Amino acid sequence: MNDMTPTREQREAKLEGMGCKRKRVEDARFTQGKGNYVDDLKLPGMLHGDFVRSPHAHARVKSINSEEALKVPGVLAVITAETLKTVNLAWMPTLAGDVQMVLADGKVLFQNQEVAFVVATDRYAADDGINKVVVEYEPLPVVIDPFKAMDADAPVLREDLAGKTTGAHGPRKHHNHIFEWTVGDKDLTDAAFRKADVTIKEMLSYHRTHPSPLETCQCVCSFDKIKGELSIWGTFQAPHVIRTVVALIAKIPEHKIHVISPDVGGGFGNKVGAYPGYICAAVASIVTGKPVKWVEDRIENLTATSFARDYHMTTEIAATKEGKVTGLRVHVLADHGAFDACADPSKWPAGFFNIVTGSYDFPVAHLSVDGIYSNKAPGGVAYRCSFRVTEAAYCIERGMDILAQKLGMDPAELRLKNFIRPEQFPYHSALGWEYDSGDYHTAMKKMMETVDYAGLRKEQADQRAAFKRGETREIMGLGVSFFTEIVGAGPSKNCDILGIAMFDSCEIRLHPTGAGIARVGTKSTGQGHETTWAQIIATEIGIPADDIMVEEGNTDTAPYGLGTYGSRSTPVAGAAIAMAARKIKAKAQMIAAYKLEVHEGDLEWDIDGFKVKGLPEKTMSMKDICWAAYNSVPPGMEPGLEAVSYYDPPNMTYPFGAYICVMNIDVDTGVYKIRRFYALDDCGTRINPMIIEGQVHGGLTEAFAIAMGQEIRYDDEGNVVTGSFMDFFMPTAVETPHWETDFTVTPSPHHPIGAKGVGESPNVGGVPAFSNAVNDAFSFLGSTHIQMPHDYWRNWRAAKSLGVFA
Ligand code: CDP
């Protein structure tokens with residue numbers, strides 16, 4: 001080795017493979033304003049569409065008159081349900097097996113529902129046209145309170161379902177009932193409750209909120225009449241699924257549909273489903289022969305596309321007096337709004353809510369979920385969540401704190417006592433999941449030591465004493481949360497969307513000079529896939545990450561994949577990437593053996609190439625193998641170096657984490673101060689620690705928003721009262737607390753690189769940490785549970801109801 005020969009460390013460092021804090025390559029364009037978003041797209045002759053929306057939450061549509069609108073300069077067409085009926089598109093299927101009106105057909109079922117689509121030469125003309133469309137409504141009684149939806153005299157919302165006693169997920173009990181989903185052993189669970197020393201029962205509401213990505217939902221549709229081809233540029237988290245849905249409902253052959261997701265400014269579940277805007281823009285393009293753009297505004301986004309949560313969870317835990325849990329019983333009333341448009345895998349009407357046993361060894365459990373219709377916007381998306389896991393984590397983590405309070409035990413001690421032990425993995429939960437790996441005790445103890453948990457409890461006891469002596473008006477809360485996530489949807493044995501198994505894919509092509517391109521079936525909406533996917537390939541096949549270009553989002557070039565949401569990208573596509581890389585490596589090994597004139601078995605992998613066992617100077621780098629792949633492959637072998645993998649995961653992955661929030665609340669004003677927030681995450685093998693930290697910061701910020709104020713609220717008449725960022729809490733850097741992050745590493749045993757997902761974890765674990773902190777603060781005043789969101793006013797109201805004012 002001469003002085004110029006790079007050391008092993010230098011060769012490793014050059015790759016910037018897994019474990020490296022590689023800087024995000026996509027940020028070069030994003031930080032310079034050079035991203036290419038849907039609204040940046042301007043096609044020749046492009047028209048603009050905009051919606052007439054309903055001011056009523058429930059009303060019959062008596063008539064729609066477009067005469068005056070069509071006189072507005074620039075307005076070319078007004079599309080209504082009657083127009084859509086001519087092409088059989090007045091209603092569209094939802095991902096949950098229901099149907100949804102594209103445009104109001106006879107009645108409206110929620111405020112701001114799409115009634116007519118005005119197409120004009122520019123957005124302003126479309127807006128003027130909207131104001132001239134005259135719609136005659138006859139208001140009807142509304143269902144806003146989900147607990148009243150199944151009253152005997154509740155108004156019939158879905159007249160299209162009249163007489164249907166069975167829906168997509170089984171029998172319906174009432175005209176506003178969608179489904180009942182039950183899991184677990186009811187008899188054994190009831191018996192555990194009868195025998196229990198201690199039980200708790202509490203109704204825990206997880207309020208309606210909204211993912212509200214920075215960029216709203218939008219698309220440009222362009223139909224080429226000559227070729228019969230439809231191109232759609234859109235803000236899609238799952239472009240291939242959109243292509244298939246369009247093919248099925250518009251009856252255009254799938255190969256003649258081109259779906260392209262350019263840069264997407266945040267998704268958080270909001271951009272998984274199909275919305276009326278997409279259908280209307282496509283129909284308008286077909287009708288006018290011109291490209292048509294539809295761009296949602298902020299109010300439309302908050303009020304009409306895809307709410308999240310709205311789960312009302314009656315939670316019961318049975319335990320021994322020593323604090324060992326013996327049973328869990330949960331009933332959920334799920335408000336799905338006007339149409340069941342939940343974006344869940346097809347067979348899961350309540351998503352993966354049956355992860356509700358959490359990190360604890362419950363011998364028995366029973367869960368039932370009733371979905372109901374109401375006069376609210378449809379949706380039910382996984383807002384930074386893996387299909388209702390956030391609701392489940394909130395349910396069990398609040399439940400455990402309430403149990404600890406009843407038992408007079410420390411909440412952290414109660415958790416340590418009931419955790420699934422490391423030797424129990426793979427662990428079969430009472431509600432049907434097989435947890436792949438975990439080491440909960442180590443994570444929890446690391447969290448407790450790092451923050452000096454015992455010291456914090458001592459400080460809290462002193463502060464409570466001072467409060468009682470009248471020396472302070474502040475109360476202190478410690479919010480412990482220990483969550484287990486279930487991410488990586490998913491194995492074809494239990495996950496599909498509209499019948500398509502939820503695999504994912506990667507195609508890698510290496511070029512002669514040793515650079516290459518990887519195309520993946522996922523679509524980054526800010527998670528940094530262009531950076532991390534290349535890191536996996538770098539470690540697997542020794543090509544520097546900088547020499548791999550990652551491309552996602554174009555259905556013409558990317559292999560079929562099910563997209564990005566629910567932290568599925570790393571567990572599923574990340575595995576496909578590693579498997580495609582391994583196929584390449586296997587071929588590379590044959591080429592290297594041929595060139596080095598040895599048997600394949602005599603070669604071993606060494607960072608960025610192969611070396612001959614026992615002869616370390618006889619090597620061939622991957623870069624040289626790439627060149628050889630295009631000019632001197634072994635006889636009989638095809639030239640080139642590329643591979644594709646479609647990965648159907650054998651199981652989900654189960655990341656976990658230990659979080660704690662330290663909070664002070666002033667009882668006279670309700671003003672809270674987040675003094676400290678510590679988040680320990682275990683996502684198995686870590687691809688890029690810096691990106692993971694960024695994911696955790698972002699997810700915690702959203703958790704903070706949701707727990708402490710972010711809500712979609714309706715008044716009694718069904719008016720949305722939180723329809724803009726003036727009313728809907730969107731934290732800025734000013735309000736956002738400081739985050740401390742930490743980690744442990746427990747690899748997934750079935751994932752090729754041992755990685756689990758991470759993007760959703762901080763939202764899943766963060767919300768209960770905040771809520772437990774507030775509830776812990778108030779608990780010594782005699783409170784058991786205060787519903788979220790915990791804004792200043794509600795904190796003040798809670799203090800008032802607990803009698804702290806003289
Ligand atoms: O599906 P989504 O991209 O939202 O979630 P994810 O799979 O949790 O990945 C989010 C980002 O974190 C991606 O850029 C991943 O590559 C990165 N990540 C990582 O570096 N290591 C992990 N073990 C998990 C995710």
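Just so it is clear, the model here is predicted, and its values are computed rather than measured. Just so you know, ligand 1 is whichever comes first in the structure, and atom 1 is the first atom listed for that ligand. One is the number of the first residue; the rest follow in order along the sequence.
- For K583, the NZ atom is densely surrounded, since the number of other residues' heavy atoms within 6.0 Å is greater than 12.
- For ligand 1, none of its N or O atoms has an N or O atom of G757 under 3.5 Å away.
- In terms of polar-atom proximity, V758 is counted as a contact of ligand 1, with an N or O under 3.5 Å from an N or O of the ligand.
- Looking at A755 next to ligand 1, no N or O pair under 3.5 Å apart turns up.
- Atoms of ligand 1 lying under 4.0 Å from any heavy atom of T532, numbered from 1 in the order shown and given with element: 13 (C), 14 (O), 15 (C), 16 (O).
- Considering backbone and side-chain N/O atoms, Q695 never comes within less than 3.5 Å of an N/O atom of ligand 1.
- Considering backbone and side-chain atoms alike, Q527 places an N or O below 3.5 Å from some N or O of ligand 1.
- Here's the thing with N688: one of its N/O atoms is less than 3.5 angstrom from an N/O atom of ligand 1.
- Stacking of K445 on the aromatic ring of Y440 is not recorded, the 6.0 Å distance cut-off and the 45° axial limit not both being met.
- The nearest heavy-atom contact from the protein to atom 7 (O) of ligand 1 is T570 OG1, 2.7 Å.
- Listed by number with element, the atoms of ligand 1 under 4.0 Å from a non-hydrogen atom of K756 are 22 (C), 23 (N), 24 (C).
- Residue-to-ligand polar distances keep G566 apart from ligand 1: every N/O pair is separated by 3.5 Å or more.
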